[in-house]
Undergrad: 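Have a look at this one before I ask anything.
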Amino acid sequence: MRIALDPGSRDAPPRVRRLDEHGVPLGDVEVLPDLFAVARLEKEHAPRWVIARPRTYRRLLDAGVEVARAHDVELTEGLLVAADGHFGQPHGLAAAVARLEGRTPAADPLRDDDGPPALFESGPVGDELADVVAVHAAQQARLTDPRMRLLVAAESAGGLVAEEMRATGLPWRADVHDALLTEALGPRPVLGGRPPKLAVLAAEVDAAFGRRVNVDSPAEVLRAFGRVGVELETTRSWELKGVDHPAVAPLLAYKELARLHTAHGWAWLRTWVRPDGHGRGRFHPEYVVGGVVSGRWATRGGGALQIPKAVRAAVRADPGWKLVVADASQLEPRVLAALSGDHALAPDEDDLYAALAAREFGDDRAKAKLALLSAMYGAGSGSAAQLMGRLRKRFPAAMAFVDDAARAGEEGRLVRSHLGRTCPPARPGHEEPAAARARGRFTRNFVVQATAAEWALVLLADLRSDLRGAGSPARLVFFQHDEVVLHVPAEAAAATADAVQAAATTAGRRLFGATPVRFPMQARVVDGYDEH
DNA sequence: TAGGTCAGCGCC
DNA sequence: AAAGGGCGCTGACCTA
C-alpha cells in the first residue's frame with residue numbers, strides 16, 4: 001500500500017490518503033491528530049509514503065517518526081523532467097502540478113524549508129495532499145521501465161537517508177580538531193589575525209623576495225616571481241614545485257597551512273560543529289540528493305564532501321562505539337566493465353590497476369591507473385591519449401562504450417545512465433569544435449559516473465533497509481560518492497561491516513543482474529576516521 | 001557596501 | 001610528470 005501525506009502546518013493537521021500501486025485513491029482523505037499518528041500507520045501497514053521533499057520527512061524526523069519507504073514526487077519529477085530532455089526545468093510540487101494542468105511551470109521556490117507556505121505566494125495556496133496524489137498518479141503512469149522504477153525508489157530512499165544523516169550528524173570531537181590545528185598552525189590567534197606559523201612562513205617569503213609580498217594574492221605572487229626572472233603561468237602548487245627559488249618552499253608550506261586555516265580552521269569548527277552537551281559534537285551538513293547532474297549528492301554548508309584528510313582524526317566514535325568506514329574499491333572501472341559487458345576489464349582481483357599493469361603495462365601500476373582514468377575522463381593529447389590507445393586494443397567493447405557516449409555528446413544527443421538518469425542536453429549555439437570536444441568528455445564521463453552514483457545509491461538504500469529490518473542500532477552518519485560511514489555500538493560493529501559488504505554485492509546484482517563483475521567494499525572498524 | 005567572478009585547492 | 005570528469009568553499013579582485 002501507498003499513503004500520500006500532507007504533513008500540515010501549525011494551523012492545519014496532517015492529512016493522508018491511501019493509494020494503490022498506481023496511485024489511485026483507495027478511500028477518502030483522513031485527518032490525523034498529529035504527526036505521531038504516522039508512526040502508527042507505518043507500524044500497521046509499512047506503506048510506501050508518497051511525499052514532497054524535504055520538508056515532509058524533516059518534519060517527521062523532528063516529531064520522532066521514521067519511515068521505511070518513500071516515493072518522493074519532487075525527486076521523481078526531477079528525474080522525469082530530465083528524461084524528457086528538459087534539464088534545469090523546475091521540478092517542485094507546484095511546477096509538477098502546473099505541468100499536469102498544461103500551464104507553464106514557474107521557477108521552484110529558492111529553498112525548501114519546513115515552514116508553511118508564505119502568505120503572499122503567487123497564486124492561491126494549493127491543497128498539498130491533492131497535489132501530491134495527482135502528481136504521483138501521473139508519475140506512476142509514466143514509470144513503466146523497471147530500471148527507472150528502481151532509480152525512483154533508490155532516489156527516494158536517498159532522500160530519507162539524507163535527512164536522517166543530517167539529523168543524526170557526524171560525530172566530531174572539537175577538542176581533537178582544536179589540538180591538531182594548534183599543532184599545525186600554532187596557538188589560535190585571539191584577535192583573528194594570522195596564526196603564528198603562517199606569519200612566520202609569510203615573513204620567510206618576504207625575506208626571499210627582499211620585499212613585502214601578499215602571499216594570499218596570486219597576482220602579486222606572479223609579479224614577485226616575474227621581478228626575479230621567473231615567468232609563471234599560474235601559482236598552482238604543481239607549477240611552483242618545478243621552480244628553483246628560495247621563496248618556493250615557504251610559499252608552498254604557507255599555501256597548505258593557509259588552506260587548512262581558512263577552510264577547516266577554528267572558524268569552521270565554531271560555525272559547523274554543534275556541541276551535544278556531553279563534551280562531544282556533531283557536524284550536521286545538509287545533503288542535496290541529486291544535486292549534481294550525474295546523480296551524485298551535493299551538500300550545503302560546511303563543505304561536507306571535502307573534509308580534508310588532515311582533519312579526519314577529529315571524526316571519532318563515542319566511547320563504547322565504533323565507526324564502520326567502508327569504501328568501494330575502484331568502483332568506476334568496475335561499473336564500466338559491467339555496463340559494457342567487457343568483463344576482462346574487471347577480473348576477479350581486488351586491485352584492478354595492479355592486475356591491468358601486470359598484463360599490459362609492465363607492472364607499472366601508476367601507468368595502468370592513468371590509462372583507465374583517461375578512458376573514463378577523456379584525454380585530449382599527450383601520453384595519456386597514447387595509453388588509451390593500448391586500452392582500445394585490449395578492451396574494445398569497454399572503450400567503444402565510452403567512445404559512443406563521447407560521440408553522442410559531441411553530436412548533441414542525449415545520454416543516459418544505466419538506470420535512466422539523463423544527462424542534460426548541450427546548450428544550443430556551442431557548436432565550435434572545442435566546445436563539442438568538451439561536451440564529449442562530459443558525456444563520456446557521465447555514463448560511468450552517473451551509473452556509479454546509482455550503484456552507490458542502491459547500496460545505501462539496501463543497507464538502510466537491511467539495518468532497519470534487523471533492528472540494528474547502527475546509524476548512517478556520512479556518505480561521500482562511493483564511501484559510507486556508520487556509527488555503531490562496538491558490539492554491533494562486526495555485523496554492521498558484514499551488512500555493508502552484503503549490500504555492495506546486492507547493489508551490483510540489482511543494477512546488472514548476473515554479471516561476473518564483483519563490487520568489493522572494504523569495511524574497516526575503527527575509532528577515528530583517519531585510521532586505515 | 002554588496003554582489004559577482006576568478007584562482008586555487010580540498011574531496012571523489 | 002601534471003593532462004582528462006564532477007563538485008564546494010575561500011579570499012582576492014573587480015564592478016555597480
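Reminder, nothing fancy here: chain letters follow the sequence lines and each chain counts from 1. Just so it is clear, the model here is predicted, and its values are computed rather than measured.
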Undergrad: For Leu370(A), report the nucleic acid contact type (base, sugar-phosphate, nothing); a contact means any heavy atom under 4.0 Å.
TA: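 Base, at least one base atom sits under 4.0 Å.
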Undergrad: Would you classify Gly291(A) as touching base, sugar-phosphate or nothing, given that sugar-phosphate means primed atoms plus P, OP1 and OP2, and contacts are heavy atoms under 4.0 Å?
TA: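 If one applies the 4.0 Å heavy-atom cut-off, Gly291(A) turns out to touch nothing in the nucleic acid.
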Undergrad: With each end axis built from five pairs of C1' atoms, what bend angle do you get for the helix from dT1(B)-dA16(C) to dC12(B)-dG5(C)? Round to 10°.
TA: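 Terminal axis comparison yields 0°.
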Undergrad: Is it true that Asp178(A) and Arg173(A) have a side-chain N and a carboxylate O under 4.0 angstrom from each other?
TA: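 No.
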Undergrad: Considering only NZ, NE, NH1 and NH2 on the basic side and carboxylate oxygens on the acidic side, decide whether Glu332(A) and Arg296(A) come within less than 4.0 Å.
TA: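 So Glu332(A) pairs with Arg296(A) through a salt bridge.
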Undergrad: Scan Ser217(A) against the nucleic acid and name what it touches under 4.0 Å (heavy atoms): base, sugar-phosphate only, or nothing.
TA: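 Sugar-phosphate: the residue Ser217(A), judged by heavy atoms under 4.0 Å, touches backbone atoms but no base.
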Undergrad: Between dT10(C), dC12(B), dG5(C), which nucleotide gets closest to the side-chain atoms of Gln480(A)?
TA: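 Taking heavy atoms from C-beta onward, the closest nucleotide is dC12(B).
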Undergrad: Determine, answering yes or no, if Tyr377(A) is stacked on dG5(C) under the 5.5 Å centre rule and the 30° plane rule.
TA: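 A stacking contact exists, since Tyr377(A) sits close and nearly parallel to the base ring of dG5(C).
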Undergrad: What contact category does Arg437(A) fall into here, base, sugar-phosphate, or nothing, at under 4.0 angstrom with non-hydrogen atoms?
TA: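 Here Arg437(A) touches no strand at all.
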Undergrad: Tell me if the side-chain of Arg236(A) makes a donor-acceptor pair with the base of dC9(B), cut-off 3.5 Å, by modelled atom types.
TA: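 No such pair is found, so the answer is no.
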Undergrad: Side-chain contact test, heavy atoms from C-beta onward, threshold under 4.5 Å: evaluate it for Phe512(A) versus Arg334(A) and give yes or no.
TA: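 No, side chains not in contact.
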Undergrad: Under 3.5 Å, is there a donor-acceptor pair between the Gln480(A) and Asp327(A) side chains?
TA: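 The answer is no; no qualifying pair exists.
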Undergrad: Output the single nucleotide from dC11(B), dG6(C), dG8(B) whose closest atom is nearest the side chain of Thr234(A).
TA: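 Closest nucleotide to the Thr234(A) side chain: dG8(B).
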Undergrad: To the side chain of Arg312(A), which of dC11(B), dG6(C), dG4(C) is closest?
TA: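 Minimum distance to the Arg312(A) side chain belongs to dC11(B).
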Undergrad: Side chain of Phe442(A): nearest nucleotide among dG8(C), dG6(C), dG4(C)?
TA: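 Per side-chain heavy atoms of Phe442(A), the pick is dG6(C).
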Undergrad: dC9(B), OP1 or OP2 - any side-chain N/O from Lys255(A) closer than 4.0 Å?
TA: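 It does, given that an N or O in the side chain of Lys255(A) lies less than 4.0 Å from OP1 or OP2 of dC9(B).
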Undergrad: Rounded to the nearest Å, what distance is computed from the NZ atom of residue Lys367(A) to the P atom of nucleotide dG4(C)?
TA: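 Those two atoms, NZ and P, are 20 Å apart.
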Undergrad: Among dA12(C), dC12(B), dC7(C), which is the nearest nucleotide to the side chain of Asp216(A)?
TA: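 Of the options given, the side chain of Asp216(A) lies nearest dA12(C).
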Undergrad: Just how far, in rounded Å, is P of dC12(B) from CE of Met376(A)?
TA: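 Interatomic distance, CE of Met376(A) to P of dC12(B): 15 Å.
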Undergrad: Do the side-chain N or O atoms of Thr235(A) get closer than 4.0 angstrom to the phosphate oxygens (OP1, OP2) of dG8(B)?
TA: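 Yes, because at least one side-chain N or O of Thr235(A) sits under 4.0 Å from OP1 or OP2 of dG8(B).
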Undergrad: Could you check whether Glu286(A) pairs with Arg166(A) (Lys NZ or Arg NE/NH1/NH2 to Asp/Glu carboxylate O, under 4.0 Å)?
TA: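 No, this pair does not count.
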Undergrad: Of all the choices, dC12(B), dG8(B), dG5(C), which nucleotide is nearest to the side chain of Asn445(A) once you look at every atom?
TA: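 Selected nucleotide: dG5(C).
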Undergrad: Identify whether the distance between the nearest side-chain nitrogen and carboxylate oxygen of Arg211(A) and Asp206(A) falls below 4.0 Å.
TA: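 A salt bridge is absent here (no side-chain N lies under 4.0 Å from a carboxylate O).
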Undergrad: Closer than 4.0 angstrom, basic N to acidic O: yes or no for Arg509(A) and Asp462(A)?
TA: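 No, Arg509(A) and Asp462(A) are not salt-bridged.
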Undergrad: Report yes if at least one side-chain N or O of Ser237(A) is closer than 4.0 Å to OP1 or OP2 of dC9(B); otherwise report no.
TA: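 For dC9(B), OP1 or OP2 has a side-chain N or O of Ser237(A) closer than 4.0 Å.
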Undergrad: Select one nucleotide: of dG11(C), dC9(C), dG4(C), the one nearest the side-chain heavy atoms of Arg259(A).
TA: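 So the side chain of Arg259(A) is nearest to dC9(C).
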Undergrad: Under 4.0 angstrom, heavy atoms only, what part of the nucleic acid is Gly302(A) near: base, sugar-phosphate, or nothing?
TA: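 Touches sugar-phosphate only.
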Undergrad: Keeping His418(A) on the side-chain end and Trp455(A) on the backbone end, is there a donor-acceptor pair under 3.5 Å?
TA: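 Here the side-chain-to-backbone pair does not exist.
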